[in-house]
Amino acid sequence: MNKKPRSLIRIIIPVVLTLVTIALIVWPMMAGGQYVVLDPKGPIGASQKDLIIISTILCAIVIVPVLILSAVIVWRYRDKPDNKTAYEPNWAHSTKAEVVWWTIPIVIIGLLAIVTVRYTYDLEPSKPLVHEEKAPITIQVSSLDWKWLFLYPEQGIATVNTLNIPADRPVKFELTADSPMNSFWIPQLGGQIYTMSGMAMTLYLQADHEGKYWGSGANFTGEHFGQMRFDVNATSDEEFDTWVKEVKQQSQPMTQETYDALAKPGTSNVAYFSEFPEGLFQKIVTKYVVDGKSAHSKHEGSSSNESAAGDKSLSVPKVNTSTN
């Protein structure tokens with residue numbers, strides 16, 4: 001008498017858990033939210049979205065039938081008083097079944113391998129993005145405890161915890177770390193890439209549309225790692241040039257002493273600087289060089305002839321602009 005209720009409970013629990021999982025996945029979109037990686041605003045993000053969808057569909061070809069068959073088998077062969085299923089204790093092999101459940105996964109894995117290899121080469125982070133009319137803008141990024149420093153060597157300005165880029169123009173990011181390894185991530189523009197001390201990584205991204213995007217550190221680095229977030233403002237070329245002029249006119253320069261204070265562990269407000277010390281990025285990259293040995297470099301790295309024009313909360317000069 002107690003077997004039937006127990007069998008029913010064993011079926012209900014997995015079904016409820018499955019429905020709850022699906023609801024948690026679908027609810028943010030139905031409630032007006034969005035999964036930013038599935039809402040790309042640039043060519044790299046769009047290609048990565050395609051890879052996610054293709055991989056999910058290929059995996060679902062195997063996973064969905066397995067989940068359905070698991071439920072069917074549990075129901076079909078459940079223990080019940082009037083069970084008339086044939087009892088075959090010596091059954092051990094079926095050639096047809098073996099061919100089916102080995103061939104399909106092998107084909108799926110082969111397709112996944114082909115797709116992954118193709119996208120891996122196409123999405124190589126240091127592979128330059130080609131634009132018919134506009135050359136890339138270079139921005140040097142350094143992750144600190146617990147803040148982001150952005151250097152604009154071509155414009156000669158610097159910002160903290162905020163990033164402005166021209167839309168519809170490739171951006172060449174050169175990345176390093178003056179503190180523990182972190183991960184630079186702008187989900188709607190492309191996947192994350194690590195920032196590491198003693199190394200200069202290269203990442204090309206592009207925003208196809210003007211707008212405000214969310215950026216973040218995606219690697220645990222201690223107490224305030226959750227505050228390593230920044231806004232990415234993609235504007236027109238004209239608005240970007242105007243913003244650069246405003247920063248130059250209304251902000252104070254960054255000295256070596258200013259940077260040393262900024263590099264100390266602690267959080268920081270958004271800040272702007274009209275200039276920064278020459279060769280600062282290269283100094284950060286080679287900060288941990290020992291006995292004259294050169295620092296490692298990854299991808300394209302950064303040129304040695306680089307052009308440049310404490311507390312828990314760090315106060316730094318700030319400027320208000322209409323574009324932010």
Side-chain angles (χ1 to χ4, degrees), residues 33-37 39-42 44-45 48 125 138-152 157-165 171-205 207 211-234 247 251 254 258-273 276 280-281 283-285 287-288 298-299 302 310-319 321 323-324:
Q34 64 176 0
Y35 294 102
V36 288
V37 294
D39 184 29
K41 299 299 181 181
I44 301 300
Q48 291 176 344
T138 299
I139 299 177
Q140 296 166 335
V141 183
S142 180
S143 60
L144 312 174
D145 271 339
W146 290 275
K147 58 197 80 79
W148 290 97
L149 172 64
F150 301 100
L151 307 177
Y152 297 73
I157 63 173
T159 63
V160 176
N161 289 340
T162 186
L163 174 63
N164 276 48
I165 61 174
V171 181
K172 177 187 178 183
F173 291 101
E174 296 178 349
L175 306 104
T176 190
D178 192 336
S179 58
M181 181 176 71
N182 211 302
S183 186
F184 178 79
W185 190 28
I186 307 174
Q188 289 183 281
L189 300 187
Q192 60 181 309
I193 187 170
Y194 286 113
T195 59
M196 292 174 274
S197 59
M199 302 184 72
M201 311 294 285
T202 301
L203 172 67
Y204 279 87
L205 295 176
K212 188 174 184 178
Y213 308 115
W214 176 74
S216 173
N219 195 63
F220 179 79
T221 55
E223 182 180 2
H224 298 289
F225 83 99
Q227 294 177 252
M228 291 194 66
R229 301 172 182 172
F230 56 92
D231 290 330
V232 182
N233 302 289
V247 172
S251 303
M254 173 189 289
T258 304
Y259 173 77
D260 292 340
L262 186 69
K264 292 180 180 179
T267 59
S268 173
N269 297 320
V270 171
Y272 305 84
F273 299 93
F276 57 89
L280 178 60
F281 184 76
K283 290 178 182 178
I284 298 172
V285 174
K287 179 178 180 178
Y288 299 99
K298 182 68 175 175
H299 301 307
S302 103
D311 294 323
K312 288 295 181 181
S313 180
L314 182 66
S315 297
V316 287
K318 189 174 181 181
V319 62
T321 69
T323 57
N324 286 297

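Only a predicted model underlies this, so the values are computations on that prediction, with no experimental measurement involved.
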Correct closest heavy-atom pair for A207 and A234 would be CB-CB, 3.9 Å
Just by distance, do the side chain of N161 and the backbone of W148 share a donor-acceptor pair under 3.5 Å?
yes
side-chain contact (heavy atoms from CB on, under 4.5 Å) test vs L203 passes for just one of L189, I193, I139, namely I193
Result for ring pair (Phe, Tyr, Trp, His ring centres under 6.0 Å) between F230 and one of Y213, F184, W146 points to F184
The test is side-chain contact (heavy atoms from CB on, under 4.5 Å); show your working for L163 and F173 and say whether it passes. CA-CA 11 Å; L163 174 63; F173 291 101; 3.8 Å; yes
- Does the D178 side chain pair with the main chain of S142, one donor and one acceptor, at a distance under 3.5 Å? no
Just checking, is any N or O donor in the side chain of S183 or Q192 under 3.5 Å from an acceptor N or O on the other one? yes
So CG of L280 and CE of M254: to nearest 0.5 Å the spacing works out to 6.5 Å
### Close side-chain approach of T258 and F276, heavy atoms under 4.5 Å
no
Smallest heavy-atom separation, A200 atom then V285 atom, equals CB-CG2, 4.3 Å
Practice task
Begin from the C-alpha positions of N219 and W185 and carry the test side-chain contact (heavy atoms from CB on, under 4.5 Å) through to its verdict.
Solution key: CA-CA 10 Å; N219 195 63; W185 190 28; over 6 Å; no
Closest non-hydrogen atoms of I186 and L205, given as atom of the first, atom of the second and distance, are CD1-CD1, 4.4 Å
The side chain to side chain contact (heavy atoms under 4.5 Å, CB included) partners of S216 (sequence neighbours excluded) come to W214, R229
Closest non-hydrogen atoms of G217 and N182, given as atom of the first, atom of the second and distance, are CA-OD1, 3.4 Å
Output for pair (L151 CG, T138 OG1), nearest 0.5 Å, gives 11.5 Å
Output for pair (I284 CD1, L144 CG), nearest 0.5 Å, gives 6.5 Å
Short side-chain to backbone donor-acceptor contact, Y204 and I44, under 3.5 Å: no
Legend entry - Validation row: K147, T267 side chains within 4.5 angstrom (heavy atoms): no
When rounded to the nearest 0.5 Å, the distance separating CZ of F281 from CG of L149 is 10.0 Å
Sorted by chain and residue number, the ring pair (Phe, Tyr, Trp, His ring centres under 6.0 Å) partners of F220 (sequence neighbours excluded) come out as F225
Y194 and M201 have their tightest heavy-atom pair at O-CG, 3.4 Å
- Task: Please check if the side chain of T176 supplies one atom and the backbone of M196 the other of a donor-acceptor pair under 3.5 Å.
- Result: yes
Scanning both residues in full, the closest heavy-atom pair of S143 with M228 reads CB-CE, 4.3 Å
Problem set entry | Full working for side-chain contact (heavy atoms from CB on, under 4.5 Å) between T221 and D145 | CA-CA 8 Å; T221 55; D145 271 339; 4.3 Å; yes
Are the side chain of Q188 and the backbone N or O of D39 linked by a donor-acceptor pair below 3.5 Å? yes
Interatomic distance, CG@N269 vs OG1@T162, rounded to 0.5 Å, equals 12.0 Å
Would you indicate whether the side-chain heavy atoms of F150 and N164 approach each other to under 4.5 Å?
no
Rounding to 0.5 Å, atoms CD1 (I165) and CG (N233) come to a distance of 9.0 Å
